[in-house]
Amino acid sequence: MGALAKVADAVIRGDPAQVAAFTREVIRDGVPPKEILDGGLIAGMTVIGDRFRVHEIFLPDVLLAAKAMYAGMDELRPLLVRDGIPSIGKVVIGTIQGDLHDIGKNLVGIMLKGAGFEVIDLGHDVAPERMVQTAVEQGASVIGMSALLTTTMPVMGEVVRLLRERGLAGEILTIVGGAPVSDAFAREIGADAYGFDAGNAVDVVKDLVGRR
Amino acid sequence: MRPLLERLAAGELLVGDGALGTMLLERGLAPGQPPESLTLKRPAVLEEIARLSLDAVADLLETNTFGGSPLKLALHGLEAETERVNGEAVRAVRRVAEGRAHVAASVGPSGRLPEPYGDVSRAELLASFRRQIAALVAAGADCICVETMTDLTEATLAVHAAKDVAPTIPVLATMTFDPTPRGYFTIIGVRVSAAAAGLEQAGADAIGSNCGNGVEHMIAIAREFRAASRLPVVIQPNAGLPRVVGGRTVYDETPEFLAEKARELVTLGVSIIGGCCGTTPEHVRALRAMVDAARG
């Protein structure tokens, strides 16, 4: 197994100590940080994402793989910063105000990070104003929102309204998701996109970033 | 009324009640507010809902304690109220049931995942469920309904907690499954056969499934439970998946549809049939009529 494949494999097995050790090894061997990121950490998470999509593995395996990926990222981040290597995009995510469910949102965050995005996770019960404010301050191009309650879903429309009011529509794009959320609902509130699950959300966010 | 376990052992077919959460929303529970907060402010609403279910001739009346574990209440800063929230909810239903229905005390997920993939230890989960269930039992619950579980570790800890606190109290334990091309799994990846084995081993008195994707999937899930275990099976489906139409939440499965499809559950030998999200007293009434007709 190649050195980068070993990193990817340790991510897939969800072993943080090994991912950190193998990542340090390839750094020491002079492999460029961007290659370690793409060919090691992201490659491993891509396999995890694919297996998750076809229900071969489930949430616990994804959470363990994510912890392992983060251990590698901790080693790699200083080098990525030093070399000025940007992420493929910055996304602000959160569960909307009034809603405390965050397993699905966390999963989307993991999959986005696993695909190379920089993710600012505001947690749950996030006020629309704070979503917009954070996206502006951090220079994020996408806001991802989720709602698990039919009662909190409409609050997501408030984020879309705020963006329009401030002339940010088209500059900061929105994607919505969550069990009771549908494509039709996304259109109804004027969101730019809908993701039906965490894997799909990554594809859609990639598309949004490309469109921008 | 004979004790619940005697009725189940005698092969009785019991009818559960409808959804509490959706009925509370219709009665002014503010979006985003925990249903448990209503227990302390407006216990009369709980009595009203219990009375509607009792009038529809439900054999079990569930309490407004789904999110009543201190770990879950902590999300709303209510964990110090654990004893009151759980105790008052049981007492409200007891006042209505008066020996005509079993007071089924609901125990839902903590909202946290166990280590190593989650951030809460088994000891913390067990302590949280023990504290909630102790309050439920002290207030006079007739049985404990561990429900909507997706993590088998958490579900079995809840069953253990109940048996620790009150060794003789009946425990019904149900999990929520989704259809996948590879069969039925919880979001955590638990198959029906694994759920049945784990819950039975933990000491549950009846096992099965609640919530989920409507009654038709429940027929297949019930069949798997029957194949995997000899314990009585509990099935409490949603009235389909929620849809939002013009800002209102709609569930598509009517009382007639539920009762018609639930005949299959009777044929499979399911012991308790009730409803979850979106079901109403009308659904309970339709189930009652079907069950009574089936059992002549």
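Residue numbers start from 1 in every chain, and the chains themselves are labelled A, B, ... in the order their sequence lines are given, proteins ahead of strands.
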Rounding to 0.5 Å, atoms CG (A:Leu59) and CD1 (B:Ile187) come to a distance of 6.0 Å
Under 4.5 Å to a heavy atom of chain A? For B:Leu241 that would be neither
Residues A:Lys67 and B:Gly118: closest non-hydrogen pair is NZ-O, 3.7 Å
Close side-chain approach of A:Pro60 and B:Ile188, heavy atoms under 4.5 Å: yes
If you count every heavy atom of other residues, nucleotides or ligands that lies below 6.0 Å from B:Arg122 atom CZ, does the total exceed 12?
no
When rounded to the nearest 0.5 Å, the distance separating OG1 of B:Thr150 from CD1 of A:Ile103 is 6.0 Å
query: Around A:Glu137, counting heavy atoms of other residues, nucleotides and ligands shown, do more than 12 lie under 6.0 Å from its CD?
result: yes
Rounding to 0.5 Å, atoms CD (B:Glu115) and CG (A:Leu63) come to a distance of 13.0 Å
Taken to the nearest 0.5 Å, the spacing of A:Phe58 CZ from B:Asp178 CG works out to 9.5 Å
With a 4.5 Å cut-off on side-chain heavy atoms, are B:Arg182 and A:Val54 touching? no
